[in-house]
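Below is one structure, written out as structure tokens; the observations come after it.
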Amino acid sequence: MSNPFYVTTPIYYVNDVPHIGHAYTTVTADALARWHRLLGDDVFFLTGTDEHGLKIQRSAEANGMTPLEQADATSARFREVWQMLNISNDDFIRTTEPRHIASVQTFMQSIFDNGFIRKGTYSGQYCVPCEAYYNDDDLVEGNCPIHGRPVEWLEEDNWFFELSKFEQPLLDWYAANPDCVHPLGKRNEALGIIKQGLEDVSVSRTSISWGVPVPWDEGHVFYVWYDALINYATAIGYGTDTERFNRFWPAVHQLLGKDILRFHCVYWPAMCLAAGLEPPARLGVHGFLLVGGEKMSKTRLNQIFPADLVADFGVDGFRYHFLRDNSFGPDGDFSYESMVTRYNTDLANNFGNLLSRVATVVGKKCDGIGPAPAADSPLAEVAAESLRDASAAWEALAPSAALDATWRLIGAANAHLENNEPWKMEPGPALDAVMGDALEVLRIVCILATPAMPETCAHVWARLGLAGTPDEQRLPEAAAWGGYPGGLPVIKGDPLFPRMSPPK
RNA sequence: GUCGGCGUAGCUCAGACGGUUAGAGCACUCGGCUCAUAAUCGAGUGGUCGUCGGUUCGAGUCCGACCGCCGACACCA
């Protein structure tokens, strides 16, 4: 049976509407999922929305809705955006679904049964929008340091997860799994948090009702984080379908932003250990997309929404940019200008124009019928390198490097045309070989780039006269040199990526 | 304050384990080509790798100090 490959995004909190930060994570996960489908893996790709918690409860009240109505509306917006961006998730989980509520209760009950949950009292200065308690010295003139508004004194009986008992087990787990957190810098950050010492954390609330009830204590609901994290287990049948669960767990690849590193790289593995599960195999932590060097935020009014960019660059232009222009890990600065530059150079000039010039010459010199490539083409080796480098890069969670490797093949094909000047040649075997080579490169590029640009690659595939779609192909065989059979009608068509003029 | 990260060509960034003339893309300059979306190909200009000191036969690459920027610091999606 094929290899299981389970990849997740965080579930997005329905307090915020989808912006390019959410899209960045989701597109990356999608490309990874698509790459692994090319490899023939048994892929399961999960995203979803996080819908409990006080913020949702309050915001629903303010809007005169029930919390669920509020969640329904925003969750739908996420699904719409993912559909627009051609996201191929196999499931979309909502934390308000019965399957998840049951799963959370089972998961937490098992931590309880294993003796890692105790009763305690929590009290402190509480900020409602933050859903968080603050120490006195964190407050700014008695107000919440984030929102600058008054905090409330709250005291409640809570259930506590004995995180402190997992300090050493976590250190052991990190030591035994050197690759569990990517990139290395983020792994060190997580280790730093653990080494600074872990205290027990409160996992339940009595002050709110919008949450998953604590099964052993009616009147408590789980604090939103301890509900949310468990979604990754829910979706593959935790507690209900053991066979399926065991197939995909713990071989899960979880992508997340650095803001939630603590929860995913410390609390979540500890919860897994407490529940008797192996922690996730790999946590891929990325940085933020900055705008003008600043973090995107609602209050700064500098959020950028996917639809606005898709209108200008198209879905694949959007996807390509976010996969190619930022390496996965460090923060990256988003700018419209650099997006235009990248679009023009990589997509219009290199890729789109290659198809254009090839199709024209085939039309003029080969009667529009694409010839087969030469078996001994110098491009064969370049193609093999591209495949090898791209494979390694995807494996290392480096989409940018994978696309870079793919585009080196495009560059080599453009140079090959330049060197042979087929437009000067008379029809015949020599001309056929040059054009066949170029068509073969386009065919291979379609396969290698389809995780990033599925729609465009399928278009090009069809224009080359090939049957089916690139994402039905299987690596590595499909990328072996010589796959373009020749004798197929090649269609020029409109430019794939019309050049954009640089912004003023 | 404590902990962590970053500072490499005009711009965006790559550069395990220290090792011949420090790389890529974009921008720029020159040349070629004209099949192509004024696209493409080739060559080139451009960096005392934040500063100072140390270890070493040899250091962006290790150690120390300093300067600058950023993040985390316990429940801030």
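Computed from a prediction, not measured in an experiment: that's the story for all the values here. Below, chain A is the first sequence line, B the second, and so on; all start at residue 1.
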Separation of the P atoms in B/C49 and B/U40, to the nearest angstrom: 33 Å

Spacing of A/Trp407 atom CH2 relative to B/G25 atom C1', expressed in whole Å: 14 Å

Watson-Crick or G-U wobble partner of B/C52, both distances under 3.5 Å: B/G64

Integer-rounded Å distance: B/U40 C1' and A/Asp346 CG: 14 Å

Plane angle bin for A/His286 and A/Tyr24 - parallel if under 30°, tilted between 30 and 60°, otherwise perpendicular: perpendicular

Short side-chain N/O contact to B/U37 OP1/OP2 from A/Lys492, under 4.0 Å: yes

Pair A/His52 and A/Phe222, ring centroids less than 6.0 Å apart: no

Nucleotide nearest A/Ala415 when distance is taken to its side chain, options B/G42, B/G25, B/A36: B/G42

Distance, C1' atom - from B/A14 to B/C6, rounded to whole angstrom: 15 Å

Residue whose closest nucleotide on RNA chain B lies nearer the 5' end, A/Leu198 versus A/Asp494: A/Asp494

No-H, no-angle donor-acceptor pair, A/Glu189 side chain to B/A72 base, under 3.5 Å: no

Aromatic centroids of A/Phe78 and A/Phe92 separated by under 6.0 Å: no

Presence of A/Arg499 side-chain N/O under 4.0 Å of B/A39 phosphate oxygens OP1/OP2: yes

Same-atom distance (P) from B/G5 to B/A65, integer angstrom: 13 Å

Between A/Asn158 and A/His220: side-chain donor-acceptor atoms closer than 3.5 Å: no

Options B/A77, B/U40, B/A36, nucleotide nearest the side-chain atoms of A/Ile260: B/A77

Any donor-acceptor N/O pair under 3.5 Å between B/A77 base and A/Asp50 side chain: yes

Shortest non-hydrogen contact from A/Leu409 toward A/Ser386: CB-OG, 3.3 Å

Syn/anti label of B/G18 as read from its glycosidic torsion, with the cut at 90° from 0: anti

A/His286 NE2 - B/A77 C1' separation (whole Å): 11 Å

Mutual orientation of the aromatic rings belonging to A/Tyr267 and A/Tyr226 [parallel < 30°, tilted 30-60°, perpendicular > 60°]: parallel

Identity of whatever pairs with B/C17 - Watson-Crick or G-U, under 3.5 angstrom: none

Stepwise salt bridge (Lys or Arg N to Asp or Glu O under 4.0 Å) check, A/Arg388 with A/Glu385: CA-CA 5 Å; A/Arg388 194 188 58 226; A/Glu385 279 172 20; 5.1 Å; no

For B/G58, the Watson-Crick or wobble counterpart (both distances under 3.5 Å): none

Nucleotide forming a Watson-Crick or wobble pair with B/C26, both distances under 3.5 Å: B/G10

Mate of B/G4 where both pairing distances stay under 3.5 Å, Watson-Crick or G-U: B/C70

Residue whose nearest RNA chain B nucleotide is more 5′ - A/Arg262 or A/Ser356: A/Ser356

Nearest-nucleotide pick for A/Phe263, side chain only, options being B/A77, B/C75, B/U40: B/C75

Sugar-phosphate only, base, or nothing, as touched by A/Ile11 at under 4.0 Å among non-hydrogen atoms: base

Any A/Asn15 side-chain N or O less than 4.0 Å from OP1/OP2 of B/A77: no

Whole angstrom value for the distance that separates P of B/A36 from NE2 of A/His416: 19 Å

Sugar-phosphate, base or nothing in reach of A/Ala401, heavy atoms under 4.0 Å: nothing

B/A22 and B/A59, which share atom name C1', separated by this distance in whole Å: 12 Å

Same-atom distance (P) from B/C75 to B/G64, integer angstrom: 32 Å

Any A/Lys55 side-chain nitrogen or oxygen under 4.0 Å from OP1 or OP2 of B/A77: yes

Distance between P atoms of B/U29 and B/U45 (Å, rounded): 15 Å

Which nucleotide in B/A77, B/A74, B/A36 has an atom nearest any side-chain atom of A/Glu199: B/A74

Near-parallel close stack of A/Trp225 and B/A77 base (under 5.5 Å, under 30°): yes

Rounded distance in Å - CE (A/Met425) to C1' (B/C35): 13 Å

Pair A/Asp312, A/Tyr336: side-chain N/O donor-acceptor within cut-off below 3.5 Å: yes

Which nucleotide in B/U40, B/U37, B/C33 has an atom nearest any side-chain atom of A/Trp423: B/C33

Sugar-phosphate only, base, or nothing, as touched by A/Thr341 at under 4.0 Å among non-hydrogen atoms: sugar-phosphate

B/G46: pairing nucleotide in any strand, Watson-Crick or G-U under 3.5 angstrom: none

Sugar-phosphate, base or nothing in reach of A/Leu496, heavy atoms under 4.0 Å: base

A/Asn350 vs B/A39: side-chain N/O to OP1/OP2 distance below 4.0 Å: no

Out of B/C41, B/U37, B/A39, whichever nucleotide has its closest atom nearest the side chain of A/Asn419: B/C41

Span that lies between the P atom of B/C33 and that of B/G19, in whole angstrom: 43 Å

Nearest-Å distance once atom C1' is located in both B/G1 and B/G47: 37 Å

Polar pair under 3.5 Å, donor/acceptor by atom type, side chain A/Asn353, base B/A36: yes

Polar side chain donor-acceptor pair, A/Gln70 to A/Ser59, under 3.5 angstrom: yes

Value in whole Å for how far the C1' atom of B/U40 lies from NZ of A/Lys424: 14 Å

Sugar-phosphate, base or nothing in reach of A/Gly352, heavy atoms under 4.0 Å: base

Sugar-phosphate, base or nothing in reach of A/Ser335, heavy atoms under 4.0 Å: nothing

Separation of B/G25 P from A/Leu323 CG (nearest whole Å): 21 Å

Single hit among A/Leu68, A/Ile56, A/Val212 for side-chain contact (heavy atoms from CB on, under 4.5 Å) with A/Thr96: A/Leu68

A/Asn344 CG to B/C11 P, straight-line distance once rounded to whole Å: 22 Å

Paired nucleotide for B/U40 [Watson-Crick or G-U wobble; both distances under 3.5 Å]: B/G32

